[in-house]
Asker: 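Below is one structure. I have some questions about it.
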Amino acid sequence: MGSHRRTAPSSGSERSTALALGLLSAAATALGAVPATAAPQEDTRAEVDRLYREAEKATEAYNAADERADALRQEIADAQDGIARKQQRVNTMRETLGSLAGSQYRSGGLDPALALLLSEDPEDYLRKASVLDRLGVHQTAELRKLRGTLRSLSQDRAEAGKRLGALERSRKAAATHKRTVEHKLAEARRLLGSLPAGERAAWDRASRSGRTDVLGPGGAPASGRAAAAVAAARSALGKPYVWGANGPSGFDCSGLTQWAYAQAGVALPRTSQAQRYAGRQVPLSEARPGDLVLYRSDASHVGMYMGNGQVIHAPYPGAPVRYDPVGMMPVSSVTRV
């Protein structure tokens, strides 16, 4: 969602200004001594621009929080599996130690010297004593293993508890960002709806304007995976912008580029800020089809360069995935995946 250009004040506003200055001399009028005031519609368009910019930042923050929550859920699931396996190991060790203790009790309940005196076969007794001695050594080792496993199990449970706390914080952060996005998008839609149809059309044209001569044709994609991503992005043309979505039926800006590269077998991060570092930085003048074009200083918007000074991107709610000039808003970097 770009920082959109402003249109000139409407002719109606100029006529109103001219009437208000009708008593001034012709010379003063010719010199333009009194500037015209900004049209209300222009203020509305500027506010819509601001809301869309802030909504996109909040969307990317939501995506980051949601991605973190997904990662934490997987970490917790893995930790719980590990805890279950260790608990089973502890149970097995306890059973083994119980069997060893029972064996020792049954065979070594008497004082060793008295047992030797009473034994009908002293040699057999000595053989058994040797076995019991080995069992004692084994039992000691098993006890050490048990204590170590119990300590590890306790640490794993504590770490899982920390992850659960982090997951809850991440869920709350995502919910906060979601409310922020919904509020700003609703206000932007309300303001756009308040504009006359001609003004809405002018605002949309302004959002699609920008320089296309900032770089050359771009040539062929830099790699086979870039070519596959370009083809996937083209197949998404006309799909709706859906905030927080990464396809296949709707997309936000980073969701589109992530999905397109996924079709090429490449896993990109979820957010535009993270995608900025998902490859090698190249100058804008050397951009080739498939390169990611990041916009604004905070990289809060991303599109895919297609050559001939054009990108494909998911602009904002109400606008489908489409081509726009690469210079539609300030470019912060270009990443070759």
Asker: Distance check, rounded to the nearest 0.5 Å: Y261 atom OH versus M304 atom CE?
Answerer: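 Reported to 0.5 Å precision, the distance equals 5.0 Å.
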
Asker: Between the side chain of S154 and the main-chain N/O of R151, is any donor-acceptor distance below 3.5 Å?
Answerer: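 Looks like no, no N/O pair under 3.5 Å.
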
Asker: List the atom of H301, the atom of A314, and the distance in Å for their closest heavy-atom pair.
Answerer: CE1-O, 3.4 Å

Asker: Taking all atoms of both residues into account, what is the closest heavy-atom pair of A264 and A228, and its distance?
Answerer: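 That closest heavy-atom pairing would be CB-CB, 3.6 Å.
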
Asker: Would you name the heavy atoms of A299 and R276 that are closest together and state the gap between them?
Answerer: CB-NH1, 3.5 Å

Asker: Go through the steps for R50 and E54 under the test side chain to side chain contact (heavy atoms under 4.5 Å, CB included), then give the verdict.
Answerer: CA-CA 6 Å; R50 184 187 69 79; E54 292 183 1; 2.8 Å; yes

Asker: Given side chain to side chain contact (heavy atoms under 4.5 Å, CB included), test Q281 with V334 step by step and report yes or no.
Answerer: CA-CA 6 Å; Q281 305 284 301; V334 178; over 6 Å; no

Asker: Testing L292, V302, V331, V326 for side chain to side chain contact (heavy atoms under 4.5 Å, CB included) with V311, which one passes?
Answerer: V326

Asker: Under a 3.5 Å distance rule, please check whether K239 uses its side chain to pair with a backbone N or O of P248 as donor and acceptor.
Answerer: yes

Asker: Using side-chain hydrogen bond (donor to acceptor under 3.5 Å, both in side chains), reason through Q74 and D70 one step at a time and then give a plain yes or no.
Answerer: CA-CA 6 Å; Q74 186 59 53; D70 285 342; over 6 Å; no

Asker: Tell me whether L167 is reachable from I83 by hopping between hydrophobic residues (I, L, V, M, F, W, Y) whose side-chain heavy atoms are closer than 4.5 Å.
Answerer: no

Asker: Distance-only, no hydrogens or angles: does the D78 side chain make a donor-acceptor pair with backbone N or O of E75 under 3.5 Å?
Answerer: no

Asker: Starting at CE of M329, measure out to CZ of R53 and round the result to the nearest 0.5 Å.
Answerer: 9.5 Å

Asker: Given the rule in the side chain to side chain contact (heavy atoms under 4.5 Å, CB included) test, do R280 and T335 qualify, once you have shown the distances and angles that lead to the verdict?
Answerer: CA-CA 5 Å; R280 179 169 60 91; T335 298; over 6 Å; no

Asker: Can you tell me if E47 uses its side chain to pair, donor with acceptor, with the backbone of E187 under 3.5 Å?
Answerer: no

Asker: Would you say V242 and I312 are hydrophobically clustered, going by side-chain heavy atoms of ILVMFWY under 4.5 Å?
Answerer: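 Not linked; separate clusters.
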
Asker: Step by step, would you call H313 with Y295 a side chain to side chain contact (heavy atoms under 4.5 Å, CB included)?
Answerer: CA-CA 11 Å; H313 70 136; Y295 292 96; 5.9 Å; no

Asker: Ring centres under 6.0 Å, that's the criterion: do Y241 and Y316 meet it?
Answerer: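 No.
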
Asker: Taking Y305 for the side chain and G309 for the main chain, is one N or O donor matched with an acceptor at less than 3.5 Å?
Answerer: yes

Asker: Find the distance between CZ (R68) and CG (N63) and round it off to the nearest 0.5 Å.
Answerer: 15.5 Å

Asker: So, for W243 and Y62, is the gap between ring centers shorter than 6.0 Å?
Answerer: yes

Asker: How far apart are the closest heavy atoms of G244 and T59, and which atoms are they?
Answerer: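 Closest heavy-atom pair between G244 and T59: N-CG2, 3.9 Å.
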
Asker: May I ask whether L237 and L256 are part of the same hydrophobic cluster, defined by side-chain heavy atoms of I, L, V, M, F, W, Y residues being less than 4.5 angstrom apart, directly or through others?
Answerer: yes

Asker: Got a donor-acceptor contact below 3.5 angstrom from the S254 side chain to the R270 backbone?
Answerer: yes

Asker: Would you call Y52 and E56 a side-chain contact if the rule is heavy atoms closer than 4.5 Å?
Answerer: no

Asker: Before giving the answer on side-chain hydrogen bond (donor to acceptor under 3.5 Å, both in side chains), spell out for R157 and Q87 the whole-Å C-alpha distance, their side-chain angles and the decisive distance to 0.1 Å.
Answerer: CA-CA 11 Å; R157 283 177 172 152; Q87 184 62 62; 2.9 Å; yes

Asker: Quick test of your reading: applying side-chain hydrogen bond (donor to acceptor under 3.5 Å, both in side chains), list the pairs with at least one residue in residues 219-238, sequence neighbours left out, ordered by first then second residue.
Answerer: R234-Y323

Asker: What distance separates T180 OG1 from K57 NZ, expressed to the nearest 0.5 Å?
Answerer: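 One gets 13.0 Å once the value is rounded to the nearest 0.5 Å.
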
Asker: Tell me whether E60 contacts the main-chain N or O of S300 through its side chain, where contact means a donor paired with an acceptor under 3.5 Å.
Answerer: no

Asker: On a heavy-atom basis, which atom in P221 and which in A227 lie closest, and how many Å separate them?
Answerer: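 Scanning both residues, the minimum pair turns out to be CB-N, 3.7 Å.
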
Asker: Once rounded to the nearest 0.5 Å, what's the spacing between atom CZ of R169 and atom CG of L72?
Answerer: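 Between atom CZ of R169 and atom CG of L72 there are 9.0 Å.
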
Asker: Working to the nearest 0.5 Å, report the span between CG of L51 and CZ of R190.
Answerer: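 If we round to the nearest 0.5 Å, L51:CG and R190:CZ are 9.5 Å apart.
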
Asker: How close do G250 and A245 get, heavy atom to heavy atom, and via which atoms?
Answerer: O-CB, 3.5 Å

